[in-house]
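Structure first, commentary second.
Quick note: residue numbers are just sequence positions, from 1.
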Amino acid sequence: MQVRMVDPRQPRFGQAMTGTVLLVGFVFDWAVTLPIIGSILAAASLLGQKANVYAHLFRAAKRVFRLGPPNELEESGPPRFANTLGFIVLALATWAHYGLEAMVAAWTLGLLVSGLALLAAVTGLCVGCELYVIARRIATHGRIPHRRTSPSPVKVGT
């Protein structure tokens with residue numbers, strides 16, 4: 001099984017866009033930003049890079065600003081999982097706003113996603129990515145098929 005890798009700057013770019021758009025939406029009371037950003041995150045999480053609007057925008061920005069290759073690549077799984085969590089929370093926010101007319105609850109959820117996205121964009125600490133790592137360790141009992149994630153014991157005398 002091949003692990004898909006991405007330029008680590010691309011998820012941070014998407015996180016900056018998500019956080020900024022949701023924050024501007026809150027400031028100007030544009031509730032339509034909740035389902036729009038939720039849809040972008042849903043497409044990215046369900047369909048991957050080919051449907052990720054942020055990935056396409058990042059590729060265009062790389063060409064325009066002539067950014068070189070990254071120093072290293074990262075797994076695409078953790079950011080994709082974070083997109084899924086963001087989508088779920090924004091779906092709940094959209095339902096709270098349009099279905100229940102609970103604007104405070106809707107914007108609380110929206111600002112939660114915005115804050116976590118901006119935290120990840122600025123510091124590199126992606127809470128959704130960290131939850132992915134924890135969930136994967138629990139699900140695999142610390143193992144990956146045909147590999148160990150922890151060092152194997154060293155045999156002395158062989």
Side-chain angles (χ1 to χ4, degrees), residues 1 3-65 67 70 72-144 149:
M1 181 174 131
V3 176
R4 293 191 186 268
M5 305 297 279
V6 295
D7 182 335
R9 298 171 294 182
Q10 183 265 307
R12 289 182 101 174
F13 174 81
Q15 292 156 341
M17 295 287 293
T18 294
T20 303
V21 170
L22 287 172
L23 189 58
V24 169
F26 171 72
V27 169
F28 291 104
D29 196 25
W30 295 335
V32 71
T33 58
L34 297 170
I36 289 172
I37 298 299
S39 298
I40 291 171
L41 296 179
S45 69
L46 296 173
L47 303 173
Q49 292 294 314
K50 65 183 175 211
N52 187 340
V53 173
Y54 297 144
H56 293 291
L57 290 173
F58 178 72
R59 281 189 220 115
K62 272 179 71 171
R63 283 192 299 273
V64 169
F65 297 110
L67 299 176
E72 59 188 22
L73 298 175
E74 71 179 19
E75 260 188 75
S76 64
R80 197 166 171 177
F81 183 78
N83 285 340
T84 303
L85 294 178
F87 156 63
I88 291 168
V89 173
L90 289 177
L92 291 171
T94 300
W95 176 61
H97 190 278
Y98 292 104
L100 302 176
E101 296 184 17
M103 281 45 146
V104 173
W107 281 116
T108 300
L109 293 170
L111 287 174
L112 173 68
V113 172
S114 176
L116 290 174
L118 290 172
L119 174 71
V122 172
T123 67
L125 173 62
C126 173
V127 174
C129 300
E130 295 299 322
L131 291 173
Y132 171 87
V133 172
I134 291 167
R136 187 162 128 186
R137 283 186 185 146
I138 291 169
T140 63
H141 302 291
R143 297 178 184 267
I144 298 175
T149 57

Among I36, I37, V27, the one residue meeting side chain to side chain contact (heavy atoms under 4.5 Å, CB included) with L22: I37

Minimum-distance pair of heavy atoms, taken over all atoms of [X] and [Y]:
{"X": "T123", "Y": "L119", "answer": "OG1-O, 2.6 Å"}
{"X": "H56", "Y": "K50", "answer": "NE2-O, 3.0 Å"}
{"X": "A82", "Y": "C126", "answer": "CB-SG, 3.8 Å"}
{"X": "T33", "Y": "G25", "answer": "OG1-CA, 3.7 Å"}
{"X": "G38", "Y": "L90", "answer": "N-CD1, 3.6 Å"}
{"X": "V6", "Y": "S76", "answer": "CG1-CB, 3.7 Å"}

Kindly list each side-chain donor-acceptor pair under 3.5 angstrom involving residues 99-118, sequence neighbours excluded, with atom names and distances?
unit_1 : atom_1 : unit_2 : atom_2 : d
W107   : NE1    : D29    : OD1    : 3.4
T108   : OG1    : V104   : O      : 2.6
S114   : OG     : G19    : O      : 2.8

Could you tell me the separation between the [atom1] atom of [X] and the [atom2] atom of [Y], rounded to the nearest 0.5 Å?
{"X": "N83", "Y": "C129", "atom1": "CG", "atom2": "SG", "value": "8.5 Å"}
{"X": "R80", "Y": "L85", "atom1": "CZ", "atom2": "CG", "value": "13.5 Å"}
{"X": "F87", "Y": "L46", "atom1": "CZ", "atom2": "CG", "value": "6.5 Å"}

With sequence neighbours excluded, residues passing side chain to side chain contact (heavy atoms under 4.5 Å, CB included) with A121: Q15, A16

Hey, are the side chains of [X] and [Y] touching, using non-hydrogen atoms and a 4.5 Å cut-off?
{"X": "Y132", "Y": "E75", "value": "yes"}
{"X": "Y54", "Y": "T18", "value": "yes"}
{"X": "P8", "Y": "P70", "value": "yes"}
{"X": "V53", "Y": "M17", "value": "no"}
{"X": "Q10", "Y": "N52", "value": "yes"}

Residues V32, Y98; criterion side-chain contact (heavy atoms from CB on, under 4.5 Å); working and verdict: CA-CA 10 Å; V32 71; Y98 292 104; 4.2 Å; yes

Check ion pair E74-R12 (N to O, under 4.0 angstrom): no

Residues forming a side chain to side chain donor-acceptor pair (under 3.5 Å) with E130, sequence neighbours excluded: none

